[in-house]
Number of protein chains: 2
Amino acid sequence: MNIKHLLFGKPFPTSSAHHERLDKIRGLAVFASDPISSNAYATEAIMRVLIALGAAALSFTLPIAAMIALLVLMVVLSYNQTIKHYPMGGGAYMVSKDNLGRGASWLAGAAILSDYILTVAVSVSAGVKAISSAFPEQPALHEHRVLIGVGIIIILTWLNLRGVRESGTIFAIPTYAFVGGVLLVIAIGLIRHFGILGSPLPPRIDTVKEHGVTGFEYVFLLFRAFAGGCTALTGIEAISDGVQAFRHPAPRNAIITMRAMAIMAMSLFIGISFLATHTNISEQSLLAEGTESVLSQMTRIVTNGVPGGGVLYFWVQTTTTLILILAANTAYADFPRIAAFLAQDGFLPRWMSRLGGRLVYSAGITSLAIMASLLLAIFGGEEQNLLPLYAIGVFLSFTLSQAGMIVMWGKVAKLKPGEELKTQVTTLHHEPDYHIKRIPSIIGVVMTFLVLIILAVTKFREGAWIVLAALPLIILLFHIIRKHYDHVAHNLRLSGLEPAALRDPADVAIVPIGGVHRASLRAIKYAIKFSDDVRVVQVVGSQEEEDISRQRWEQWQNVVPSAKLVFLHTDFRDFLRPLVDYIYSVNHDEYPGQLITVVVPEFVPDSKIANLLHNQTATMLRLMLRGYEDVVVIDVPYHLRKDQGEHSDTLPEPASATK
Amino acid sequence: MNIKHLLFGKPFPTSSAHHERLDKIRGLAVFASDPISSNAYATEAIMRVLIALGAAALSFTLPIAAMIALLVLMVVLSYNQTIKHYPMGGGAYMVSKDNLGRGASWLAGAAILSDYILTVAVSVSAGVKAISSAFPEQPALHEHRVLIGVGIIIILTWLNLRGVRESGTIFAIPTYAFVGGVLLVIAIGLIRHFGILGSPLPPRIDTVKEHGVTGFEYVFLLFRAFAGGCTALTGIEAISDGVQAFRHPAPRNAIITMRAMAIMAMSLFIGISFLATHTNISEQSLLAEGTESVLSQMTRIVTNGVPGGGVLYFWVQTTTTLILILAANTAYADFPRIAAFLAQDGFLPRWMSRLGGRLVYSAGITSLAIMASLLLAIFGGEEQNLLPLYAIGVFLSFTLSQAGMIVMWGKVAKLKPGEELKTQVTTLHHEPDYHIKRIPSIIGVVMTFLVLIILAVTKFREGAWIVLAALPLIILLFHIIRKHYDHVAHNLRLSGLEPAALRDPADVAIVPIGGVHRASLRAIKYAIKFSDDVRVVQVVGSQEEEDISRQRWEQWQNVVPSAKLVFLHTDFRDFLRPLVDYIYSVNHDEYPGQLITVVVPEFVPDSKIANLLHNQTATMLRLMLRGYEDVVVIDVPYHLRKDQGEHSDTLPEPASATK
């Protein structure tokens with residue numbers, strides 16, 4: 001217990017839950033690390049596709065980035081409405097459940113959960129890759145990348161289990177350090193570019209010729225570049241899933257934080273995209289794998305010759321690595337919450353909906369860690385193999401969420417002023433400007449669905465098929481789990497219960513013993529208290545064994561005079577089977593349809609290791625009797641006194657067979 | 001159950017135990033594989049030491065082999081007397097226990113058990129090495145030697161678990177095939193050597209000069225050569241440990257088999273030693289590591305030019321590999337028996353003394369397999385690293401056994417004709433020729449003690465220290481285990497028991513429930529049958545939860561009118577701690593010194609996997625209550641009916657918290 005407190009901190013009372021909620025500063029750090037970290041690679045993802053159309057096509061980078069920023073604006077506005085109308089959180093899952101039906105909500109849940117697992121695996125392996133690239137003279141870093149990755153996951157898990165406030169505080173530092181560093185680089189870059197101060201930036205030198213790609217293929221590649229850049233969108237839904245992590249008024253704070261996050265992330269994205277296409281980024285590096293990243297090149301060029309530029313470069317490099325790893329933290333914030341919603345609805349094991357000692361969904365956090373570690377190990381810690389699987393789930397949930405919002409606006413449209421509609425999970429009111437408010441969702445659903453199709457098609461063979469194949473399986477699992485819970489509830493329901501249906505206990509008590517000693521006498525005495533028909537049963541391997549036991553018994557029978565002694569003979573050294581058979585026959589032949597009672601003397605050694613020295617007969621018997629509906633098992637414990645160090649020269653009567 | 005039968009065969013009844021005993025043919029195969037397999041390397045071990053004294057010194061090989069054969073004769077005669085006087089088996093352990101006291105018997109037991117574990121690890125790794133040397137073009141064999149070794153151990157374990165008769169039958173084939181093959185080679189070799197038939201063998205060509213070693217060092221090296229050859233003795237004690245594995249009359253059959261084994265093993269040893277020093281074995285190969293073995297060279301030379309010689313050579317090579325692996329089987333035959341003797345005496349966990357379904361000590365067999373596999377893995381499957389640890393234990397047990405026999409003869413000497421002496425484990429009679437019969441033990445104890453010292457000194461730094469350090473630790477373990485059993489027996493003993501010391505059950509029953517449903521009503525009804533003070537306890541997190549539950553309860557209170565409802569409030573989402581605290585306070589404050597009863601409703605899903613979907617509250621509660629001496633736990637099971645496939649659209653009342 002003390003070790004647990006030391007590791008994870010003292011448990012918080014439920015009543016202090018509001019203290020553990022996040023302010024906007026921490027909330028942004030917890031939920032925004034994923035979308036903000038996308039800036040480490042989003043611009044590069046666009047440029048790497050465009051370079052196939054020749055150097056001139058790189059000028060499309062900025063317009064594409066602007067379009068993505070516009071899409072982000074639409075999606076954020078749509079999610080703002082989601083937060084407002086679904087203030088309990090749950091994002092796409094809750095919207096789908098309320099507006100599109102169970103099937104769509106399952107799809108949204110499965111998509112978002114699998115994507116969060118991938119987020120952890122991808123961002124941790126990207127972080128490990130960044131570290132090992134920084135120290136090429138240490139090949140061990142690359143060699144043990146799976147181990148290092150799992151180590152990082154364990155640290156993230158540990159911090160998250162300590163509570164959302166504490167982890168939010170710790171993770172805020174690198175997040176803001178990265179944003180601040182890159183914003184400074186962008187500012188210096190713009191000042192130099194526009195010749196306001198310092199030397200102008202070196203202009204880009206086009207070295208890659210046009211490739212003669214035209215027509216449909218040209219357009220397709222533009223779309224691909226757009227889809228590649230859309231990775232900048234992953235994580236922007238995060239806040240809508242975890243609205244209740246914020247302080248009162250939670251929806252308002254969540255909306256403000258989401259907008260701040262979007263502005264911050266898009267400023268970085270547009271800024272990086274502008275500078276990266278207006279200075280001398282190596283075009284050759286875009287054509288090859290494993291080269292210096294665009295962000296690193298840009299930072300190096302911008303800070304070159306600036307006082308303190310070296311420090312700034314190092315700062316951006318270090319915080320980039322940290323933010324790549326921290327992107328995983330957004331998944332830690334949301335996966336357990338979505339899983340808890342699904343568990344409350346009976347689609348995941350119900351224990352996933354229970355808050356742990358530190359008021360976080362500990363089971364969900366641990367499950368995420370285990371599955372992400374497995375994924376990391378299966379894919380050998382290779383970020384490149386995991387990336388094609390990533391983002392499909394997010395765009396599927398974007399599409400479902402916005403489609404759900406359109407349906408919701410349809411319901412709102414029908415409400416007259418003052419009227420209200422109670423849906424499954426929320427209450428809708430008349431809103432006169434619904435036709436304006438729903439525009440972002442309409443634009444958003446078309447755009448995100450388009451990106452989803454592009455992602456699925458272009459990445460299908462590289463691994464997207466795995467996700468598309470996994471989704472139906474996850475949904476099947478939801479179905480099976482829910483069916484089981486329905487079944488349990490149906491069985492346990494009290495409606496329609498005839499009081500007679502509750503079985504009557506029969507007046508019989510069977511006490512299996514391994515020998516005549518204090519533990520067995522105590523159990524027999526207990527049995528006599530409530531039953532007139534106490535049968536003390538011993539399994540023996542030979543007549544000799546029976547005689548010895550009968551003799552010992554006769555000496556002590558007077559203590560428990562009403563108990564009868566029954567010997568069962570076995571020729572197979574298995575003492576449990578004859579006992580269980582006897583118990584079954586008493587139940588089946590003598591007391592059919594009644595509860596019969598088995599009283600098990602169980603002695604408890606003073607240390608757990610000592611259990612290894614005893615047959616776990618009591619435990620085994622209990623497990624075997626679990627299969628019998630009408631058998632009640634009573635454990636009568638007998639604790640060993642503390643060791644008094646006696647050490648006899650001949651071994652006394654063994655005390656086996658009940659333990 | 002059926003899978004178990006399929007894998008290990010149907011269980012044998014205890015009454016058929018005599019059918020499962022070994023005849024002499026199978027007995028020899030089971031127990032002799034270890035000493036017979038020593039012929040694959042014992043002669044070579046002598047020659048490799050002698051070559052350091054120059055080629056001429058190789059002529060000492062045969063005299064040394066003859067001396068070893070004489071030592072074998074003494075040891076076998078001594079052990080024959082052991083078998084006769086200790087027909088229950090247990091060899092050195094039983095002799096030491098009866099004549100030298102507990103300390104010596106612990107030393108003998110520890111020595112022999114650790115040596116058997118080493119036997120398995122050494123012989124399996126030697127076998128794997130022989131296989132991988134035969135296929136040098138398959139480096140994977142060497143690379144995965146630990147895995148292959150563990151695989152072989154698993155197969156040996158499986159066969160041994162199927163019963164001694166069955167494994168004896170299987171293992172007889174390669175044992176006799178090896179003996180037959182090598183005897184044929186020796187016969188052909190002698191015929192050719194003495195010019196009776198065929199071409200004479202090529203004579204040895206001395207290439208290694210005298211090394212100028214003289215005096216004390218020369219004698220020391222002769223001793224080392226002698227000690228090296230003594231590996232041929234390992235395993236000759238085996239039959240004395242497992243006398244009871246033989247058919248009636250067991251001691252007589254065991255003695256005959258032991259003599260046959262000694263004659264067989266020594267014929268091979270002397271034959272190989274003669275031929276190896278009288279034909280052209282490469283002397284350079286004796287100086288280098290990893291060269292062709294002496295047995296292989298000798299077989300090649302002898303069979304060269306003989307019709308069918310190639311087949312015979314292949315035969316000997318193949319059966320050599322098999323017998324090297326099968327040497328492990330001797331350990332499988334004896335380790336579990338010695339462990340069972342120690343367990344009966346309370347020095348090892350008592351379950352090691354129980355016969356399994358196939359009338360073998362399954363627990364001992366499995367323990368041996370696990371420890372040998374661990375050893376194999378720790379030493380990386382390298383036979384060379386394991387060898388220095390080997391044989392120390394056997395010679396320690398030889399020395400103790402023969403010292404014990406001398407003490408026994410001392411007791412016999414004092415008996416007059418017709419008188420008998422009942423010792424701890426056997427009965428001694430007057431024997432007039434005791435002073436002749438004890439001679440082998442006297443010679444044996446001196447010789448084996450000498451070899452023990454030589455082995456310990458010459459191999460100390462290479463690894464013998466590990467064994468010498470492990471022995472006291474094993475003995476400490478014996479001591480601790482025995483102390484625990486003494487403690488248990490002392491606690492459970494009935495002598496001196498005041499009937500009042502058995503606690504009285506108090507008239508109170510606490511029924512913790514997670515909700516009002518069929519399973520909890522059944523448990524409450526059961527509790528009412530035997531108690532007038534039934535307290536239904538529910539832990540709730542809020543007043544709201546309490547109100548809902550109270551309302552439901554009022555509907556059903558009439559079914560169990562006498563039960564009282566108690567609500568415990570928690571602010572920490574931990575439902576077990578408040579329950580346990582309440583139970584403790586009822587026990588401590590209301591009924592001190594009496595047994596109080598907790599009735600736990602536990603519902604049992606229809607599949608084991610479904611358990612994953614429920615909190616194991618009942619199990620956890622039982623574990624936590626184990627710590628309380630005065631708490632009796634009653635499990636009232638409620639089985640779920642078979643799934644009827646109902647699938648509602650809204651989730652009914654959850655049935656959590658008791659499961």
Side-chain angles (χ1 to χ4, degrees), chain A residues 11 13-15 345-346 349-351 354-355 481 483-484 486-494 497 499 502 505 516-519 521-522 525-526 529-530 541 556 559 571-573 595 604 610 612-613 615 626 629 632-637 639-641 643 646-648 651-656, chain B residues 11 13-15 345-346 349-351 354-355 481 483-484 486-494 497 499 502-503 505 516-519 521-522 525-526 529-530 541 556 559 571-573 595 604 610 612-613 615 626 629 632-637 639-641 643 646-648 651-653 655-656:
Chain A
T14 313
S15 51
D345 290 343
R350 207 170 260 126
W351 38 260
R354 272 172 62 174
L355 284 170
I481 291 175
K483 210 173 140 191
H484 171 79
D486 281 347
H487 172 54
V488 169
H490 179 80
N491 256 282
L492 292 178
R493 81 198 181 292
L494 287 175
L497 172 74
L502 296 171
V516 183
H517 49 62
R518 288 188 185 214
L521 274 190
R522 176 186 273 205
K525 212 179 155 198
Y526 183 90
K529 271 275 162 174
F530 69 88
W556 294 96
V559 181
D571 204 16
F572 286 92
R573 285 121 12 248
L595 291 176
V604 183
L612 292 177
L613 297 178
N615 303 316
R626 265 185 85 124
E629 160 115 50
V632 172
V633 176
I634 303 188
D635 280 309
V636 181
H639 281 240
L640 291 183
R641 299 268 154 272
D643 204 329
E646 72 279 10
H647 198 172
S648 66
L651 192 68
E653 192 67 18
S656 60
Chain B
T14 314
S15 50
D345 290 342
R350 207 170 260 126
W351 39 260
R354 272 171 62 174
L355 284 169
I481 290 174
K483 211 174 139 190
H484 172 78
D486 282 345
H487 172 54
V488 170
H490 179 80
N491 256 279
L492 292 179
R493 82 198 181 292
L494 287 175
L497 172 73
L502 296 170
R503 309 245 162 154
V516 184
H517 48 63
R518 287 187 186 216
L521 273 190
R522 177 186 272 205
K525 212 178 155 200
Y526 183 90
K529 272 276 163 176
F530 70 90
W556 294 96
V559 181
D571 204 14
F572 287 91
R573 282 112 27 237
L595 290 176
V604 183
L612 293 177
L613 297 179
N615 302 317
R626 265 185 83 124
E629 161 115 50
V632 172
V633 176
I634 302 186
D635 279 310
V636 180
H639 281 240
L640 291 185
R641 298 267 156 273
D643 204 329
E646 72 279 10
H647 199 170
S648 65
L651 191 68
E653 193 67 17
S656 60

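Just so it is clear, the values below take in all heavy atoms, side chains as well, and ignore hydrogens, waters and symmetry mates. In what follows, every chain begins at residue 1, and chains take the letters A, B, ... in the order their sequences are listed. None of these values were measured; they are calculated from a predicted model.
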Problem - Step-by-step side-chain contact (heavy atoms from CB on, under 4.5 Å) determination, B:Leu595 to A:Lys529 - result: CA-CA 11 Å; B:Leu595 290 176; A:Lys529 271 275 162 174; over 6 Å; no

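Residue A:Leu612 touches chain B through its backbone alone, counting heavy-atom pairs closer than 4.5 Å.
Across all their heavy atoms, B:Arg354 and A:Arg573 have their closest contact at NH2-O, 3.8 Å. When all heavy atoms of B:Leu492 and A:His517 are compared, the pair lying nearest together is O-CB, 3.2 Å. Across every non-hydrogen atom of B:Val636 and A:Val632, the tightest pair is CG2-CG1, 4.0 Å.
Looking at residues two or more places apart in sequence or on another chain, you find a side chain to side chain contact (heavy atoms under 4.5 Å, CB included) between B:Phe530 and A:Tyr526, A:Phe530, B:Ala509, B:Tyr526, B:Thr597, B:Val599, B:Ile634. When the side chain to side chain contact (heavy atoms under 4.5 Å, CB included) test is applied to A:Pro11, the partners found at least two apart in sequence or on another chain are A:His5, B:Phe572.
Between the CZ atom of B:Arg493 and the CZ atom of A:Arg518 there is a distance of 5.0 Å, given to the nearest 0.5 Å.
Note on B:Ala610, B:Pro349, B:Pro505: by heavy-atom pairs under 4.5 Å with chain A, the leading option is B:Pro505.
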